[in-house]
Protein chains: 2
Amino acid sequence: MAERLSLSQAPCPVARSVDLIGDRWLLLILRDAFDGSRRFSEFQRGLGMARNILSDRLRRLVDGGLLTIQPASDGSAWQEYVLTERGYALFPLIVALRQFGESELFSSGEAHSQLLESASGQPLAALRVLNQQGEEISADLTHVKKIT
Amino acid sequence: MAERLSLSQAPCPVARSVDLIGDRWLLLILRDAFDGSRRFSEFQRGLGMARNILSDRLRRLVDGGLLTIQPASDGSAWQEYVLTERGYALFPLIVALRQFGESELFSSGEAHSQLLESASGQPLAALRVLNQQGEEISADLTHVKKIT
DNA sequence: CCGTATCCATTCCGATACTG
DNA sequence: CAGTATCGGAATGGATACGG
(Lines give C-alpha, C1' and ligand atoms only; values in the text may rest on other atoms or scores of the structure.)
Protein backbone atom coordinates (compact mmCIF):
# COMPACT_ATOMS: atom_id res chain seq x y z
CA MET A 1 0.00 0.00 0.00
CA ALA A 2 1.97 2.96 -1.31
CA GLU A 3 -1.22 4.80 -0.45
CA ARG A 4 -0.30 5.39 3.14
CA LEU A 5 2.89 7.20 2.38
CA SER A 6 1.63 9.23 -0.53
CA LEU A 7 -1.30 10.67 1.43
CA SER A 8 0.82 11.64 4.40
CA GLN A 9 3.15 13.47 2.02
CA ALA A 10 0.40 15.01 -0.09
CA PRO A 11 0.52 18.74 -0.77
CA CYS A 12 -3.15 18.96 0.24
CA PRO A 13 -3.78 19.57 3.94
CA VAL A 14 -7.11 17.76 3.74
CA ALA A 15 -5.36 14.65 2.49
CA ARG A 16 -2.86 14.71 5.34
CA SER A 17 -5.63 15.15 7.89
CA VAL A 18 -7.60 12.33 6.37
CA ASP A 19 -4.52 10.16 6.45
CA LEU A 20 -4.18 10.81 10.15
CA ILE A 21 -7.78 10.60 11.34
CA GLY A 22 -9.91 9.44 8.42
CA ASP A 23 -11.07 6.30 10.17
CA ARG A 24 -14.27 5.59 11.97
CA TRP A 25 -12.70 4.29 15.18
CA LEU A 26 -10.16 7.06 15.45
CA LEU A 27 -12.84 9.71 15.20
CA LEU A 28 -15.00 8.03 17.81
CA ILE A 29 -12.06 7.62 20.17
CA LEU A 30 -11.28 11.30 19.77
CA ARG A 31 -14.89 12.19 20.46
CA ASP A 32 -14.72 10.25 23.71
CA ALA A 33 -11.39 11.82 24.58
CA PHE A 34 -12.94 15.27 24.22
CA ASP A 35 -15.79 14.00 26.36
CA GLY A 36 -13.35 13.12 29.14
CA SER A 37 -12.44 9.48 28.58
CA ARG A 38 -8.87 8.68 29.51
CA ARG A 39 -8.59 5.02 30.43
CA PHE A 40 -8.31 2.04 28.12
CA SER A 41 -11.41 0.38 29.49
CA GLU A 42 -13.31 3.60 29.47
CA PHE A 43 -12.83 3.83 25.72
CA GLN A 44 -13.44 0.15 25.34
CA ARG A 45 -16.73 0.08 27.17
CA GLY A 46 -17.94 3.34 25.72
CA LEU A 47 -17.29 2.20 22.18
CA GLY A 48 -17.94 -1.52 22.51
CA MET A 49 -14.96 -2.29 20.33
CA ALA A 50 -12.50 -5.18 20.40
CA ARG A 51 -9.54 -4.55 22.66
CA ASN A 52 -6.93 -5.40 20.07
CA ILE A 53 -8.38 -2.84 17.68
CA LEU A 54 -8.56 -0.23 20.42
CA SER A 55 -4.96 -0.94 21.28
CA ASP A 56 -3.95 -0.42 17.68
CA ARG A 57 -5.92 2.83 17.33
CA LEU A 58 -4.62 4.28 20.57
CA ARG A 59 -1.11 3.58 19.40
CA ARG A 60 -1.78 5.34 16.12
CA LEU A 61 -3.10 8.36 17.96
CA VAL A 62 -0.10 8.48 20.25
CA ASP A 63 2.27 8.03 17.30
CA GLY A 64 0.45 10.79 15.45
CA GLY A 65 0.91 13.13 18.39
CA LEU A 66 -2.81 13.53 19.13
CA LEU A 67 -2.75 11.68 22.44
CA THR A 68 -0.05 11.27 25.00
CA ILE A 69 0.39 8.66 27.69
CA GLN A 70 0.41 9.81 31.29
CA PRO A 71 0.61 7.96 34.58
CA ALA A 72 -2.85 7.34 35.99
CA SER A 73 -4.29 10.10 38.10
CA ASP A 74 -5.51 7.64 40.71
CA GLY A 75 -2.91 5.58 42.53
CA SER A 76 -2.98 2.72 40.02
CA ALA A 77 0.08 1.71 38.11
CA TRP A 78 -1.67 2.18 34.79
CA GLN A 79 -1.68 4.88 32.24
CA GLU A 80 -4.08 7.38 30.82
CA TYR A 81 -4.46 8.68 27.29
CA VAL A 82 -4.89 12.41 27.20
CA LEU A 83 -5.21 14.86 24.35
CA THR A 84 -2.11 16.77 23.38
CA GLU A 85 -2.16 20.33 22.17
CA ARG A 86 -2.29 18.98 18.65
CA GLY A 87 -5.20 16.81 19.71
CA TYR A 88 -7.06 19.81 21.05
CA ALA A 89 -6.60 21.47 17.68
CA LEU A 90 -9.17 18.98 16.42
CA PHE A 91 -11.90 20.55 18.50
CA PRO A 92 -13.46 22.49 15.60
CA LEU A 93 -13.48 19.29 13.56
CA ILE A 94 -15.33 17.34 16.24
CA VAL A 95 -17.76 20.20 16.62
CA ALA A 96 -18.28 20.21 12.86
CA LEU A 97 -19.05 16.50 12.92
CA ARG A 98 -21.47 17.01 15.76
CA GLN A 99 -23.28 19.96 14.25
CA PHE A 100 -23.58 18.28 10.88
CA GLY A 101 -25.09 15.23 12.54
CA GLU A 102 -27.47 17.33 14.60
CA SER A 103 -28.81 19.30 11.69
CA GLU A 104 -28.83 16.64 9.00
CA LEU A 105 -29.07 13.19 10.54
CA PHE A 106 -31.80 13.46 13.14
CA SER A 107 -35.47 13.84 12.45
CA SER A 108 -37.00 16.83 14.17
CA GLY A 109 -37.95 16.05 17.72
CA GLU A 110 -35.60 13.03 17.85
CA ALA A 111 -33.45 13.20 20.97
CA HIS A 112 -29.67 13.39 20.80
CA SER A 113 -26.74 14.11 23.06
CA GLN A 114 -25.64 17.73 23.16
CA LEU A 115 -22.44 19.65 23.56
CA LEU A 116 -22.97 22.51 25.98
CA GLU A 117 -20.95 25.38 27.30
CA SER A 118 -20.47 24.36 30.90
CA ALA A 119 -20.79 27.82 32.39
CA SER A 120 -24.08 28.70 30.74
CA GLY A 121 -25.54 25.29 29.99
CA GLN A 122 -26.30 26.52 26.50
CA PRO A 123 -25.39 24.86 23.20
CA LEU A 124 -22.61 26.39 21.18
CA ALA A 125 -23.15 28.63 18.20
CA ALA A 126 -23.14 27.03 14.77
CA LEU A 127 -19.73 27.02 13.12
CA ARG A 128 -19.44 29.57 10.36
CA VAL A 129 -16.86 29.83 7.63
CA LEU A 130 -15.73 33.43 7.46
CA ASN A 131 -13.40 35.48 5.34
CA GLN A 132 -10.77 37.81 6.75
CA GLN A 133 -13.38 40.54 7.16
CA GLY A 134 -15.61 38.32 9.24
CA GLU A 135 -18.22 37.84 6.52
CA GLU A 136 -19.75 34.42 6.10
CA ILE A 137 -18.59 32.64 2.95
CA SER A 138 -20.32 29.77 1.17
CA ALA A 139 -18.40 27.06 -0.63
CA ASP A 140 -19.13 28.40 -4.09
CA LEU A 141 -17.39 31.66 -3.25
CA THR A 142 -14.13 29.82 -2.72
CA HIS A 143 -11.66 27.86 -4.77
CA VAL A 144 -8.59 25.79 -4.12
CA LYS A 145 -5.30 27.14 -5.34
CA LYS A 146 -3.18 24.14 -6.21
CA ILE A 147 0.46 24.05 -5.49
CA THR A 148 2.60 23.84 -8.59
CA MET B 1 -21.76 -6.36 11.42
CA ALA B 2 -24.36 -5.00 13.83
CA GLU B 3 -21.98 -2.04 13.96
CA ARG B 4 -23.33 -0.37 10.88
CA LEU B 5 -26.85 -0.20 12.11
CA SER B 6 -26.09 0.73 15.69
CA LEU B 7 -23.94 3.71 14.72
CA SER B 8 -26.47 5.08 12.29
CA GLN B 9 -29.08 4.89 15.03
CA ALA B 10 -26.84 6.22 17.78
CA PRO B 11 -28.11 9.07 19.94
CA CYS B 12 -24.79 10.87 19.39
CA PRO B 13 -24.66 13.13 16.33
CA VAL B 14 -20.91 12.58 16.02
CA ALA B 15 -21.49 8.85 15.72
CA ARG B 16 -24.05 9.28 12.97
CA SER B 17 -21.78 11.61 11.05
CA VAL B 18 -18.90 9.21 11.41
CA ASP B 19 -21.10 6.42 10.20
CA LEU B 20 -21.92 8.40 7.08
CA ILE B 21 -18.55 9.89 6.16
CA GLY B 22 -15.95 8.36 8.50
CA ASP B 23 -13.97 6.81 5.70
CA ARG B 24 -10.86 7.98 4.00
CA TRP B 25 -12.14 7.72 0.43
CA LEU B 26 -15.45 9.35 1.17
CA LEU B 27 -13.75 12.37 2.69
CA LEU B 28 -11.37 12.73 -0.22
CA ILE B 29 -14.17 12.42 -2.75
CA LEU B 30 -16.07 15.12 -0.92
CA ARG B 31 -13.00 17.33 -0.89
CA ASP B 32 -12.76 16.99 -4.66
CA ALA B 33 -16.48 17.60 -5.03
CA PHE B 34 -16.09 20.88 -3.17
CA ASP B 35 -13.16 21.61 -5.42
CA GLY B 36 -15.35 21.25 -8.49
CA SER B 37 -15.00 17.62 -9.55
CA ARG B 38 -18.18 16.16 -11.01
CA ARG B 39 -17.32 13.37 -13.40
CA PHE B 40 -16.45 9.79 -12.58
CA SER B 41 -13.08 9.96 -14.25
CA GLU B 42 -12.35 13.31 -12.76
CA PHE B 43 -12.60 11.78 -9.31
CA GLN B 44 -10.79 8.68 -10.42
CA ARG B 45 -7.81 10.46 -11.86
CA GLY B 46 -7.62 13.00 -9.10
CA LEU B 47 -7.60 10.34 -6.42
CA GLY B 48 -5.81 7.53 -8.24
CA MET B 49 -8.21 5.00 -6.81
CA ALA B 50 -9.60 1.79 -8.23
CA ARG B 51 -12.73 2.30 -10.26
CA ASN B 52 -14.76 -0.33 -8.46
CA ILE B 53 -14.05 1.34 -5.13
CA LEU B 54 -14.93 4.73 -6.52
CA SER B 55 -18.16 3.32 -7.86
CA ASP B 56 -19.02 1.94 -4.44
CA ARG B 57 -18.23 5.18 -2.64
CA LEU B 58 -20.13 7.35 -5.07
CA ARG B 59 -23.14 5.12 -4.57
CA ARG B 60 -22.83 5.47 -0.80
CA LEU B 61 -22.70 9.25 -1.10
CA VAL B 62 -25.73 9.31 -3.37
CA ASP B 63 -27.61 6.94 -1.06
CA GLY B 64 -26.64 9.10 1.90
CA GLY B 65 -28.04 12.18 0.19
CA LEU B 66 -24.73 14.00 -0.03
CA LEU B 67 -24.40 13.80 -3.79
CA THR B 68 -27.01 13.65 -6.49
CA ILE B 69 -26.78 12.43 -10.05
CA GLN B 70 -27.41 14.89 -12.83
CA PRO B 71 -27.23 14.61 -16.61
CA ALA B 72 -23.88 15.79 -17.90
CA SER B 73 -23.57 19.48 -18.57
CA ASP B 74 -21.83 18.85 -21.86
CA GLY B 75 -23.76 17.01 -24.53
CA SER B 76 -22.54 13.56 -23.48
CA ALA B 77 -24.92 10.86 -22.36
CA TRP B 78 -23.17 10.46 -19.01
CA GLN B 79 -23.91 11.77 -15.63
CA GLU B 80 -22.36 14.06 -13.09
CA TYR B 81 -22.19 13.82 -9.32
CA VAL B 82 -22.98 17.10 -7.64
CA LEU B 83 -23.27 18.10 -4.02
CA THR B 84 -26.75 18.31 -2.58
CA GLU B 85 -27.77 20.84 0.01
CA ARG B 86 -26.94 18.27 2.65
CA GLY B 87 -23.58 17.79 1.01
CA TYR B 88 -22.88 21.52 1.16
CA ALA B 89 -23.62 21.37 4.88
CA LEU B 90 -20.28 19.56 5.17
CA PHE B 91 -18.37 22.66 4.14
CA PRO B 92 -17.32 23.59 7.69
CA LEU B 93 -16.12 20.03 8.21
CA ILE B 94 -13.94 20.08 5.11
CA VAL B 95 -12.60 23.46 6.13
CA ALA B 96 -11.83 22.08 9.58
CA LEU B 97 -9.91 19.18 8.05
CA ARG B 98 -8.00 21.59 5.85
CA GLN B 99 -7.12 24.06 8.58
CA PHE B 100 -6.07 21.32 10.97
CA GLY B 101 -3.79 19.92 8.30
CA GLU B 102 -2.37 23.32 7.46
CA SER B 103 -1.51 24.22 11.01
CA GLU B 104 -0.44 20.83 12.36
CA LEU B 105 0.78 18.63 9.53
CA PHE B 106 3.08 20.83 7.50
CA SER B 107 6.45 22.06 8.54
CA SER B 108 6.83 25.79 8.34
CA GLY B 109 7.70 26.90 4.86
CA GLU B 110 6.46 23.68 3.32
CA ALA B 111 4.15 24.41 0.41
CA HIS B 112 0.55 23.28 0.35
CA SER B 113 -2.62 23.89 -1.61
CA GLN B 114 -4.82 26.64 -0.27
CA LEU B 115 -8.51 27.40 -0.04
CA LEU B 116 -9.10 31.01 -1.00
CA GLU B 117 -12.03 33.34 -1.13
CA SER B 118 -12.44 33.83 -4.86
CA ALA B 119 -13.36 37.49 -4.73
CA SER B 120 -10.40 38.61 -2.65
CA GLY B 121 -7.89 35.86 -3.28
CA GLN B 122 -7.31 35.71 0.45
CA PRO B 123 -7.38 32.63 2.66
CA LEU B 124 -10.37 32.19 4.94
CA ALA B 125 -10.36 33.03 8.61
CA ALA B 126 -9.59 30.23 11.04
CA LEU B 127 -12.69 28.44 12.28
CA ARG B 128 -13.59 29.35 15.82
CA VAL B 129 -15.90 27.60 18.24
CA LEU B 130 -18.12 30.23 19.80
CA ASN B 131 -20.83 30.32 22.41
CA GLN B 132 -24.17 32.06 21.90
CA GLN B 133 -22.61 35.38 22.88
CA GLY B 134 -19.95 35.08 20.23
CA GLU B 135 -17.13 34.38 22.68
CA GLU B 136 -14.54 31.80 21.75
CA ILE B 137 -14.83 28.59 23.77
CA SER B 138 -12.16 25.98 24.31
CA ALA B 139 -12.96 22.30 24.67
CA ASP B 140 -12.45 22.22 28.42
CA LEU B 141 -15.19 24.79 28.90
CA THR B 142 -17.73 22.40 27.42
CA HIS B 143 -19.26 19.08 28.28
CA VAL B 144 -21.54 16.61 26.60
CA LYS B 145 -24.99 16.18 28.01
CA LYS B 146 -25.95 12.59 27.38
CA ILE B 147 -29.43 11.63 26.43
CA THR B 148 -31.17 9.52 29.04
C1' DC C 1 -7.54 -3.91 35.75
C1' DC C 2 -4.63 -3.12 31.45
C1' DG C 3 -3.29 -4.45 27.72
C1' DT C 4 -1.00 -7.92 23.99
C1' DA C 5 -1.18 -12.14 20.97
C1' DT C 6 -3.51 -15.31 18.20
C1' DC C 7 -7.18 -17.18 15.32
C1' DC C 8 -10.75 -16.80 11.99
C1' DA C 9 -14.29 -14.52 9.21
C1' DT C 10 -15.29 -10.55 6.77
C1' DT C 11 -14.22 -6.57 4.32
C1' DC C 12 -11.38 -3.66 1.53
C1' DC C 13 -8.45 -2.60 -2.11
C1' DG C 14 -6.00 -2.62 -6.48
C1' DA C 15 -5.45 -4.70 -10.96
C1' DT C 16 -7.52 -6.38 -14.71
C1' DA C 17 -10.93 -7.77 -17.90
C1' DC C 18 -15.32 -6.74 -19.75
C1' DT C 19 -19.74 -4.16 -21.39
C1' DG C 20 -22.25 -0.24 -23.43
C1' DC D 1 -15.73 7.66 -21.38
C1' DA D 2 -18.36 5.50 -17.63
C1' DG D 3 -18.98 2.14 -15.22
C1' DT D 4 -19.52 -3.29 -13.54
C1' DA D 5 -17.56 -8.05 -12.45
C1' DT D 6 -14.18 -10.81 -10.65
C1' DC D 7 -10.06 -12.32 -8.30
C1' DG D 8 -6.29 -12.59 -4.97
C1' DG D 9 -3.81 -10.36 -1.37
C1' DA D 10 -3.88 -7.30 2.52
C1' DA D 11 -6.04 -5.12 6.28
C1' DT D 12 -9.80 -5.00 9.63
C1' DG D 13 -12.76 -6.63 13.20
C1' DG D 14 -14.53 -9.61 16.93
C1' DA D 15 -13.76 -13.28 20.24
C1' DT D 16 -10.92 -15.31 23.13
C1' DA D 17 -6.87 -16.66 25.56
C1' DC D 18 -2.95 -15.08 27.85
C1' DG D 19 0.52 -12.19 30.80
C1' DG D 20 1.80 -7.82 33.78
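Predicted model, so just to flag it, every value in this text is computed and none were measured. In what follows, every chain begins at residue 1, and chains take the letters A, B, ... in the order their sequences are listed.
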May I ask you to evaluate whether [X] reaches the phosphate of [N], defined as a side-chain N or O under 4.0 Å from OP1 or OP2?
X: A:Trp25; N: D:dT12; value: no
X: B:Ser41; N: D:dA2; value: yes
X: A:Tyr81; N: C:dC2; value: no
X: A:Gln79; N: C:dG3; value: yes

Check the distance between [N]'s [atom2] and [X]'s [atom1] and give it to me in whole angstrom.
X: B:Leu54; N: C:dC12; atom1: CG; atom2: P; result: 15 Å
X: A:Asp23; N: C:dC12; atom1: CG; atom2: P; result: 12 Å
X: B:Arg57; N: C:dC12; atom1: CZ; atom2: C1'; result: 7 Å
X: B:Phe43; N: D:dC1; atom1: CZ; atom2: C1'; result: 15 Å
X: B:Asp56; N: D:dT6; atom1: CG; atom2: P; result: 15 Å
X: A:Met49; N: C:dC2; atom1: CE; atom2: P; result: 16 Å
X: B:Leu67; N: D:dA2; atom1: CG; atom2: P; result: 15 Å
X: B:Leu47; N: D:dA2; atom1: CG; atom2: P; result: 15 Å

Just to be sure I understand the rule, does B:Gln44 reach a base, reach only the sugar-phosphate, or reach nothing, if contact means heavy atoms closer than 4.0 Å?
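Since no nucleic acid heavy atom lies under 4.0 Å of B:Gln44, the category is nothing.
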Would you mind classifying the nucleic acid contact of B:Arg59 as base, sugar-phosphate or nothing, using non-hydrogen atoms under 4.0 angstrom?
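Sugar-phosphate, backbone atoms only, no base.
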Does some side-chain heavy atom of A:Tyr88 sit less than 4.5 Å from a side-chain heavy atom of A:Thr84?
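No, their side chains stay 4.5 Å or more apart.
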Heavy-atom protein contacts under 4.0 Å, nucleotides 15-20 of chain C, coded B base, S sugar-phosphate only, - none
B-B--B
Look at the side chain of [X] and the backbone N and O of [Y], then say whether any donor-acceptor pair between them is shorter than 3.5 Å.
X: B:Arg98; Y: A:Val14; answer: no
X: B:Asp23; Y: B:Leu26; answer: yes
X: A:Gln99; Y: A:Leu127; answer: yes
X: B:Asn131; Y: B:Gly134; answer: yes
X: A:Glu42; Y: A:Arg39; answer: yes

For B:Glu80 and B:Ser73, test the side chains for any donor-to-acceptor distance below 3.5 angstrom and give the result as yes or no.
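There is such a pair between these side chains.
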Hey, are B:Ser37 and B:Arg31 close enough side-chain-wise for a donor-acceptor pair under 3.5 Å?
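The criterion, which ignores hydrogens and geometry beyond distance, is not satisfied for B:Ser37 and B:Arg31.
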Side chain of A:Arg39 (C-beta onward), nearest among C:dC2, D:dA2, C:dC13:
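Among C:dC2, D:dA2, C:dC13, the one nearest the side chain of A:Arg39 is C:dC2.
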B:Ile53, nearest nucleotide to its side chain (from C:dG14, D:dA2, D:dG14):
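Looking only at side-chain atoms, B:Ile53 lies closest to C:dG14.
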Identify whether the distance between the nearest side-chain nitrogen and carboxylate oxygen of B:Asp56 and B:Arg60 falls below 4.0 Å.
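B:Arg60 and B:Asp56: salt-bridged.
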Look at A:Arg24 together with B:Asp19 and state whether they make a salt bridge at an N to O cut-off of under 4.0 Å.
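Yes, charged N to carboxylate O under 4.0 Å.
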Note, DNA chain C 5' to 3' with Watson-Crick or G-U pairs under 3.5 Å encoded as ( ), [ ], | and . gives ..||||||||||||||||||
